[in-house]
Amino acid sequence: MSLDMTTLLAIVAMAVVTYITRIGGLFVADRLVLTGRAKAAFDAIPPAVLVSVIAPTALTTGWAEAIAAAVTAVVAFRLPLLATIAIGVVSVVVLRNLI
Amino acid sequence: MPMDQTNPFPTTSPYAREFRAGLRDIAPVAVAAVPIGLLFGAVAAAKGLSALEVALMSAFVYGGGAQFAAIEAWAHPAPIAALAFATLLINARHVLMGASLGPKMHLEGIQRFMAFFFLTDEAWALSERRALERPVTGAYWAAMALVLWGNWTLSTTLGAVLGSFMGDPARIGADFAFTALFIGLIAGFGRSRVTLVTVGTSAAVAALVHHFIGAPWHVASGALAGIAAAYLAASEEPRS
């Protein structure tokens, strides 16, 4: 079982950053009340990051991936998470064979 | 799993009741997380991570969203600064969650800093719900934390072991599973105007940066563009 030093450093960096965010709230409790545009910007962080991660795969890889992503987005508002994933995966396999 | 079979608490003790309540609340979440953990491990293995590296990442980072994002943008050698920054962006929400939940938990000093290592979206949401009716105890939190952490670490490691036998994940469309998972998670943030503006802006900027500059910078640039768009879009809305 291999352990790459750069990979280990990346994991440590991610772990340290994550732990700081987890305990950060304990230091600012009761003082952190965001409103208006600042709150909207903070609330936007998770969807903004998630979209940015998948945008290249979803939009610029090919037609099969782009169409499958659109299909997945439509069902995502109606079905539970695991069903959404299953439909997305099946769609991309079918479309890759058709296109 | 090396679980002690003997009950460490007398059945009448409030600790035992709290611990069982935690187990009961977290059980469905843990079950739903197993296939996602297997999937994470398998795709991480396909990106070149060993089972040991997957186990260490799950045990110490212990954050699904950040781990998914890291693996999707993974390269060799690992771009440490970009991965750490993407992790910070994804997990910044923890600060707000901790600020809200911290005062509601019956824990002191060092216990709080140990307990909050296990802060997740799921444990947080369940605890906030419980806090509406009663205080959140250490026993309740510990039951949820240990089950979810053990479950995640084991299922992702198992996925990495199995995935290395599976071969190319693109063959069965497993490479697209992350994209589908992320679309499902994004849908959970709703369809408000600000959210749609955020998602549209981030998607466009990330795709362009990825095309013209390359990975992994599309994550930070797309995210920051979407956050800026949300800030600007929200200003036009009446205060609720």
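Side-chain atoms are counted along with the backbone in the values below, which use heavy atoms only and exclude waters and symmetry mates. Chain A is the first sequence line, chain B the second, and so forth, proteins listed ahead of strands; every chain is numbered from 1. What you see is a predicted model, and the numbers here were worked out from it, not measured in a lab.
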Got a second to check how far [X]'s [atom1] is from [Y]'s [atom2], nearest 0.5 Å?
X	Y	atom1	atom2	answer
A:T57	B:F176	OG1	CZ	8.5 Å
B:R112	A:L26	CZ	CG	4.5 Å
A:I85	B:L181	CD1	CG	4.5 Å
B:F182	A:L50	CZ	CG	5.5 Å
B:E53	A:L3	CD	CG	5.5 Å
A:Y19	B:F60	OH	CZ	13.0 Å

Close side-chain approach of [X] to [Y], heavy-atom, < 4.5 Å:
X	Y	value
B:L83	A:I11	no
A:L82	B:P35	yes
B:H211	A:P56	no
B:T179	A:T72	no

Answer with side chain, backbone, both or neither: which region of B:F85 has an atom nearer than 4.5 Å to a non-hydrogen atom of chain A? neither

Side chain / backbone / both / neither for B:W74 at chain A, heavy atoms under 4.5 Å: side chain

Residues that A:D4 engages under salt bridge (Lys or Arg N to Asp or Glu O under 4.0 Å), provided they are two or more places apart: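 For A:D4, no residue satisfies salt bridge (Lys or Arg N to Asp or Glu O under 4.0 Å) once neighbours in sequence are set aside.
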
For B:F189 and A:F77, I'd like to know if the aromatic rings sit close, meaning centre-to-centre distance below 6.0 Å. no

So, for [X] and [Y], which heavy atoms are closest and what is the spacing to 0.1 Å?
X	Y	answer
A:P47	B:V199	CB-CG2, 4.4 Å
A:R37	B:Y231	CD-O, 3.0 Å
A:T84	B:G184	CG2-CA, 4.2 Å
B:I227	A:A41	CG2-O, 3.7 Å
B:A84	A:V17	O-CG1, 3.9 Å
B:A203	A:A55	O-CB, 3.5 Å

Give, as side chain, backbone, both or neither, the part of A:I87 having an atom under 4.5 angstrom from any heavy atom of chain B.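 It is neither, since no heavy atom gets under 4.5 Å.
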
Considering only heavy atoms, which portion of A:A83 lies under 4.5 Å from any heavy atom of chain B: side chain, backbone, both, or neither? neither

Looking at [options], which has the largest count of heavy-atom pairs under 4.5 Å with chain A?
options	answer
B:G226, B:A187, B:A59	B:A187
B:A92, B:S221, B:G63	B:A92
B:T120, B:T198, B:N91	B:N91
B:I186, B:V205, B:L101	B:I186

Of all of [options], which one pairs up most often with chain B through heavy atoms under 4.5 Å apart?
options	answer
A:L79, A:T60, A:V90, A:I45	A:I45
A:L59, A:T61, A:V53	A:V53
A:G88, A:A15, A:S52, A:A13	A:S52
A:A58, A:A69, A:A73	A:A69

According to side chain to side chain donor-acceptor pair (under 3.5 Å), who are the partners of B:T195, at least two apart in sequence or on a separate chain?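 Checked B:T195 against side chain to side chain donor-acceptor pair (under 3.5 Å); matches are B:S192.
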
Atom CZ of B:F118: over 12 foreign heavy atoms under 6.0 Å: yes

A quick test of your reading: do over 12 heavy atoms of other residues, nucleotides or ligands sit less than 6.0 Å from NZ of B:K47?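 Yes, enclosed.
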
N/O donor-acceptor pair under 3.5 Å between A:T21 side chain and B:H94 backbone: no

Begin with the C-alpha distance, continue with both residues' side-chain angles, and end with the deciding distance and a verdict on side chain to side chain contact (heavy atoms under 4.5 Å, CB included) for A:I23 and B:L119. CA-CA 9 Å; A:I23 60 169; B:L119 181 69; over 6 Å; no

What verdict does the ring-ring contact (aromatic ring centres under 6.0 Å, His included) test give for A:F27 and B:F113, after you've listed the backbone C-alpha separation in whole Å, the side-chain angles of each residue and the deciding distance to 0.1 Å? CA-CA 11 Å; A:F27 295 101; B:F113 291 99; 5.7 Å; yes

